[in-house]
Amino acid sequence: MALKLEDFMQWPEIEALEYGECTDPSAVLGPRMADKSHVLVTAFEKEADSVKVQVTDTKKEYKMQKMDDNGYYAVLIPAKKIPSYRLIVKKGKKEKEVVDAYGIEPQIDGLDMSQFNNGVHDTIYEKLGAHIMTIDGVEGTYFAVWAPCARAVSVVGDFNGWDGQAHLMRKLEDAGIYELFIPGVKKGDLYKYEILGSTGQRVMKADPFANYAEMRPDTASIVWDLTDYKWQDKDWMTARKKWNPKKEPMLIYEVHLGSFKKPEGGEEEPKKLFYNYREIAPMLCDYCKKMGYTHVELMPVMEHPFDGSWGYQVTGYYAPTSRYGTPTDFMYFMDYMHRNGIGVILDWVPAHFPKDEHGLARFDGTCLFEHLDPRQGEHPHWGTLIYNYGRPQVSNFLIANALFWLEKFHADGLRMDAVASMLYLDYGKNDGEWIANMYGGKENLEAIEFLQKLNNKIHARKDGSISIAEESTAWPKVTGSVSDDGLGFDLKWNMGWMNDYLEYIRTDPLFRKGRHGMLTFSMVYQYSEEFVLVFSHDEVVHMKGSMYTKMPGERDAKFAGLRLSYGYMAAHPGKKLLFMGQEFGQEREWSEERELDWNLLKSVDGETSDHEKLRQYVSLLNSFYLAHPAMYADDSKISGFEWISTLDADNSVIAFVRKCKEETLLVLCNFTPVAHEKFRVGVPFAGKYKEIFNSDAEECGGSGFVNPRAKQSKRVKWDGRPNSIEVKLAPLSVQIFNCTKTPQSSGKRKNERKK
C-alpha cells in the first residue's frame with residue numbers, strides 16, 4: 001500500500017507550530033523514518049515559493065509538497081536511513097541552499113542533563129547559552145536555554161527578522177532545556193528568546209548565559225566567541241598557584257571603571273561616554289604601579305541595565321558589560337593587568353537580581369530563579385529578587401558563573417557582595433515579611449550550603465584564586481574551613497573596624513577621648529577571621545561625604561587626618577582596600593556620572609597641591625608597607641601584634657608592635673592635633689629605636705615634627721614595660737620605629753645561664 005503524506009500530518013501540532021506554540025517542533029519538523037524504506041522530511045518556510053530536498057551523497061532532488069497555506073512543506077524520500085541533505089528554498093527568482101536546523105542532533109546529552117538537574121555541572125556555561133560551532137561541516141550557532149515551565153521557546157534575532165515562528169526550539173524534557181542549532185548564525189548577531197510562558201503570555205528574554213549584550217538601553221544578547229583570545233599571562237597564572245593570601249601583602253585599589261577616567265567631552269558626547277577596556281587598562285595599570293597597589297577590585301563589570309546601580313543589579317551574569325567594549329576587550333584588560341603584575345578581583349553579586357523584564361525575573365512565566373513566596377523571594381527595601389538557592393539548577397547557575405569568571409577571564413578572586421543578606425532570612429525585613437527555616441531560626445540554610453559548596457569548588461581549583469566576603473555581621477567562621485562548619489571564604493571585609501573608625505575620626509579631637517575604645521576594640525575580634533580593612537565606595541556616596549570631608553578641622557587638619565587614617569590602616573593587621581579618589585583626598589562625593597577630580601592634583605601657582613602631596617604620601621606609605629614584612633606577614637597570627645598602650649585616652653594615643661621573624665616595628669598613633677616634645681612610651685625590649693616612617697614628615701606633606709636620631713631605650717618603667725623611650729610625638733600622626741635589641745654581654749649571659 002502506497003504511503004500518503006496526508007497520513008503523517010499531525011495537524012494540531014502543525015497548527016501550534018505555525019502559531020509559535022509548539023513545545024516539540026522536532027515532532028513535526030525535520031527528518032524521521034516513515035517506515036523501513038522511507039524518510040519523511042518536513043519544513044516550515046512560510047515565505048518560500050517552492051522547497052526541494054537535495055540528498056548530499058547522490059545530489060538527487062525531491063520536490064516538497066506544500067501542505068497548507070502557511071508554508072508547511074513535506075516529502076517522502078525512499079531511503080532506509082536518514083540521509084544527509086539540504087533544503088533548496090526558492091523565493092521569486094532567487095534560490096538558496098539551507099541547512100535544516102531540525103536535522104541536526106541535540107548537543108546536550110543525558111550526562112549533561114543529569115548533572116545540571118543535580119546542580120553539579122560546573123561547566124554548564126559550555127552547554128547553555130549561544131555557542132558558535134561547526135556540526136557535520138555546517139557552521140552556525142547552538143542555542144540552549146533552561147525554561148522548564150515554558151509552553152514554547154523560539155530563538156529570534158536579526159538573522160530571522162525577529163520572527164518567533166522561524167526557529168522554534170526543541171525541548172529536552174528530562175532537563176527542561178530548549179535547544180536548537182541554527183546554521184549561518186555568526187559572531188556579532190543579535191538574539192533573544194521569545195518565551196511563551198505557562199500563563200500564555202509572550203515575553204522577550206535576554207539569554208541568561210549570554211557572553212555579550214547590547215549597550216543599554218538596548219537589551220538584546222549578542223553571539224560571541226570566547227575561544228579566540230590568545231592569553232599571555234602564563235607567568236602570572238603559574239606564580240599565583242603558590243600565592244598564600246594569609247602571608248602575602250595586599251593593597252587593593254577599589255575601582256569603578258566607568259568613572260575612574262572619562263574621555264574628554266564624554267559627558268556631552270554620547271558616542272564616547274566611556275573608555276574601552278583596552279584603553280583603560282594601561283591608564284589604570286600605570287597608576288596602580290605608580291601608587292604601589294598589588295590588586296584592583298572592580299565594582300561589578302557584569303552586564304547591568306542601570307548605571308546608577310554601579311553594577312550591583314545584574315542582568316547578564318556571564319557577560320562583561322558592553323559599556324567598555326567586547327568580552328575579548330575585557331580579556332585583554334585582565335591579561336594586561338597580569339602581565340604588569342597587578343591582580344584583579346571582581347565584585348560578584350549572588351545575593352539578588354533586578355526585576356527588569358528582559359532579565360531573570362519570572363523567566364519562563366514562573367518564578368524560576370527566585371522564590372515564589374515574596375517573603376522568601378524579595379528584598380522589600382532594595383526592590384530586587386532573591387535567588388532560590390535550594391533549587392539545584394539555580395545553585396548550579398551561580399556556582400558555574402563564579403567559576404566561569406575564574407576560568408574564562410582569569411580573575412584572581414571574587415568579592416561576594418551582600419553576603420549578610422544571603423545568610424539571614426529576616427535581613428532588611430520586618431515581622432511578617434519573612435519565613436523561618438525548618439528549625440524555626442532565621443538562618444538561610446540553603447544559602448549557607450550554597451556558599452560552602454561554592455568556596456570548596458573555588459579552592460579545589462588550586463590555582464591561587466580567592467574568595468572574599470562582604471559580610472557586615474558577626475556571623476561566625478566566615479573564613480573558617482567548611483570542614484569545621486565555616487563558610488570557607490579566604491578573606492572577609494572588616495566592616496566593624498571601618499564603622500568604628502569612621503565614627504571615631506569624625507569626632508572632634510577634643511571629644512575623642514570619650515570614644516577611645518573604638519580604636520582598640522577591633523583587636524578583640526581580630527583573630528576570629530581573616531580580615532580586609534576597607535574604606536570602600538559605600539562610605540563616600542549618598543550624602544556620607546568623601547573621606548576628606550569626614551575629617552574635622554581646617555584644611556591642614558583634614559589632610560593630616562587622612563594621612564593618619566591611612567597610616568593607621570596600613571599598620572593595623574589585615575589586608576587593605578581603599579576606594580579610588582580617596583588616596584588624593586577628593587573633596588566631592590563620588591558619582592558614577594563623572595570621572596575623578598584629577599584636576600586637584602595640578603600645581604597651584606607653581607606649588608605642589610595638597611592633594612598631590614597626599615597622593616605621594618599614599619604611594620610612599622604603600623611602598624613602606626610592601627617593604628616591611630612585619631606589616632603583613634603575620635596578620636593571621638597573634639604573635640604578629642602586641643599592644644603597648646591602649647589606655648591613654650586623655651592624649652588619644654595608642655601604641656603597638658607589629659612583628660615577624662625578620663623585624664619588629666613600634667607604631668605610635670596620635671589622634672589629636674597636639675604635638676609633644678617629650679612623649680614617653682614603653683618598648684618591647686631594651687634596644688635602639690629608629691624612626692623610619694612619620695606621616696608628619698615634610699616629604700609626606702606634614703610639618704616636619706620628626707625624630708631624626710635613633711632613641712636608646714632606658715630602664716624606666718612605662719606602660720607596664722621595664723624599658724621605655726622618649727620621643728617627639730607629632731600631631732595627628734602615625735610614627736613607626738624600627739626596633740633593634742641591645743646585645744647582651746657575654747658575662748651577663750653566663751650569669752643568666754647560672755640562674
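- A donor-acceptor pair is defined here as one N or O able to donate and one able to accept, closer than 3.5 Å; no such pair exists between the side chain of R323 and the backbone of F274.
- With salt bridges taken as basic N to acidic carboxylate O contacts below 4.0 Å, one links E587 and R555.
- A salt bridge does not link K602 to D597: none of the charged side-chain nitrogens sits closer than 4.0 Å to a carboxylate oxygen.
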Do E254 and R415 pass the salt bridge (charged side-chain N to carboxylate O under 4.0 Å, His left out) test, and can you show the C-alpha distance, the side-chain angles, and the key distance before you say yes or no? CA-CA 11 Å; E254 188 186 20; R415 176 267 194 186; 5.3 Å; no
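- Remark: side-chain polar atoms of D508 are paired, donor with acceptor, to backbone N or O of L510 under 3.5 angstrom.
- Other residues, nucleotides and ligands contribute more than 12 heavy atoms inside 6.0 Å of the CG atom of N276.
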Applying side-chain contact (heavy atoms from CB on, under 4.5 Å), run through E593 and D307 and close with a yes or a no. CA-CA 8 Å; E593 296 180 351; D307 290 5; over 6 Å; no
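- Using a 4.5 Å cut-off on side-chain heavy atoms (C-beta onward), N622 and Y253 make no contact.
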ring-ring contact (aromatic ring centres under 6.0 Å, His included), that's the test. Do H516 and Y504 meet it? Break it down for me. CA-CA 8 Å; H516 196 68; Y504 174 84; 7.1 Å; no
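- Note on ring orientation: taking the six-membered ring where Trp is involved, the planes of F624 and F693 are tilted (angle from 30° to 60°).
- A distance of 6.0 Å or more separates the ring centres of Y312 and W382.
- Between E592 and S259, the side chains place no donor N or O within less than 3.5 Å of an acceptor N or O (distance only, hydrogens not considered).
- In this structure a side-chain-to-backbone donor-acceptor pair under 3.5 Å is present from D696 to F705.
- Atom NZ of K246 sits about 10.0 Å away from atom NZ of K637, to the nearest 0.5 Å.
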side-chain contact (heavy atoms from CB on, under 4.5 Å), that's the test. Do V653 and F679 meet it? Break it down for me. CA-CA 10 Å; V653 172; F679 189 89; 3.9 Å; yes
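- Using a distance-only test at 3.5 Å, with no hydrogens or angles considered, no donor-acceptor pair links the side chain of R506 to the main chain of P552.
- Atoms CZ and OH, from F330 and Y229 in turn, are 11.5 Å apart once rounded to the nearest 0.5 Å.
- In this structure, the side chain to side chain donor-acceptor pair (under 3.5 Å) partners of R515, at least two apart in sequence or on a different chain, are E503, T507.
- Looking at T742, its side chain does come within 3.5 Å of a backbone N or O of G687 through a donor-acceptor pair.
- Side-chain contact, E530 with S636: a donor N or O sits under 3.5 Å from an acceptor N or O.
- Judged by distance alone, the side chains of Y689 and N707 never bring a donor and an acceptor atom under 3.5 Å apart.
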Let's go through K576 and L621 carefully: what are the C-alpha distance in whole Å and the side-chain angles of both, what is the deciding distance for side-chain contact (heavy atoms from CB on, under 4.5 Å) to 0.1 Å, and is it a yes or a no? CA-CA 12 Å; K576 327 296 176 188; L621 177 65; over 6 Å; no
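- The main-chain N or O of L564 is never found under 3.5 Å from a side-chain atom of S695 such that the two would form a donor-acceptor pair.
- In plain terms, the two heavy atoms of C285 and M337 that are nearest each other are CB-SD, 3.6 Å.
- For the pair M283/Y275, a side-chain contact is recorded, criterion being any heavy-atom separation below 4.5 Å from C-beta on.
- A donor-acceptor pair under 3.5 Å links the side-chain atoms of D635 to the main chain of G574, judged by distance alone.
- The backbone N or O of Q232 sits less than 3.5 Å from a side-chain atom of D335, completing a donor-acceptor pair.
- In this structure, K558 forms a cation-pi arrangement with Y548, its terminal cationic atom sitting closer than 6.0 Å to the ring centre and no more than 45° off the ring axis.
- Using a 4.0 Å cut-off between charged side-chain N and carboxylate O, R339 and D233 make no salt bridge.
- Residues Y277 and Y332 place their aromatic rings such that the two centres sit no closer than 6.0 Å.
- Contact detail for H611 and L600: the closest heavy-atom pair is CB-O, 3.5 Å.
- Between F489 and the choices I468, I466, T479, the side chain to side chain contact (heavy atoms under 4.5 Å, CB included) rule is met once, by T479.
- Taking the side chain as every heavy atom from C-beta outward, F409 and P327 approach each other to under 4.5 Å.
- Contact check on R721 versus E642 returns a salt bridge, with a Lys/Arg side-chain nitrogen under 4.0 Å from an Asp/Glu carboxylate oxygen.
- When atom types are taken as modelled, the side chain of E663 and the backbone of A630 share a donor-acceptor pair closer than 3.5 angstrom.
- Side-chain contact between V657 and I644 is present, with heavy atoms from C-beta onward closer than 4.5 Å.
- Annotation: side chain of D500 is not in contact with side chain of S522 (no heavy-atom distance under 4.5 Å).
- Side-chain N or O atoms of K262 include one that pairs as donor or acceptor with a backbone N or O of G258 at under 3.5 Å.
- Residues V255 and F260 share a closest heavy-atom pair of CG1-CB, 4.1 Å.
- Residues Y287 and E583 have side chains that bring a donor and an acceptor to within less than 3.5 angstrom of each other.
- Considering CD1 of I252 and CG of L578, their distance stands at 11.0 Å, rounded to 0.5 Å.
- Within a 6.0 Å radius of CH2 in W231, other residues, nucleotides and ligands contribute more than 12 heavy atoms.
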Show the numbers, then the answer: is there a ring-ring contact (aromatic ring centres under 6.0 Å, His included) between F333 and Y324? CA-CA 10 Å; F333 173 93; Y324 318 125; 9.2 Å; no
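- Ring centroid separation for the pair F531 and W497 does not come in under the 6.0 Å cut-off.
- Between H338 and H410, the angle of the ring planes stays under 30°, which puts this pair in the parallel group of the 30/60° scheme.
- No more than 12 heavy atoms of other residues, nucleotides or ligands sit less than 6.0 Å from atom CD of E554.
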From CA spacing to verdict: side-chain contact (heavy atoms from CB on, under 4.5 Å), E589, V540: CA-CA 6 Å; E589 277 194 341; V540 295; 5.7 Å; no
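- Under the 4.5 Å side-chain criterion, counting only non-hydrogen atoms from C-beta, D417 is not in contact with M299.
- The side chain to side chain donor-acceptor pair (under 3.5 Å) contacts involving residues 726-737 comprise E691-Q735, S733-Q735, where partners must be two or more places apart or lie in separate chains.
- Across every non-hydrogen atom of G581 and L596, the tightest pair is N-CD1, 3.7 Å.
- N738 places a side-chain heavy atom less than 4.5 Å from the side chain of L665.
- Counting non-hydrogen atoms of neighbouring residues, nucleotides and ligands closer than 6.0 angstrom, the NZ atom of K544 exceeds 12 such neighbours.
- Shortest non-hydrogen contact noted between W236 and D412 is NE1-OD1, 2.8 Å.
- Counted by atom type alone, Y212 and T326 present zero donor-acceptor pairs between their side chains at under 3.5 Å.
- Residues R588 and R594 meet the side-chain proximity criterion, which asks for heavy atoms closer than 4.5 Å.
- The minimum heavy-atom distance between A418 and E470, with the atom names listed, is N-OE1, 2.7 Å.
- In this structure, Y617 has its ring center at least 6.0 angstrom away from the ring center of Y566.
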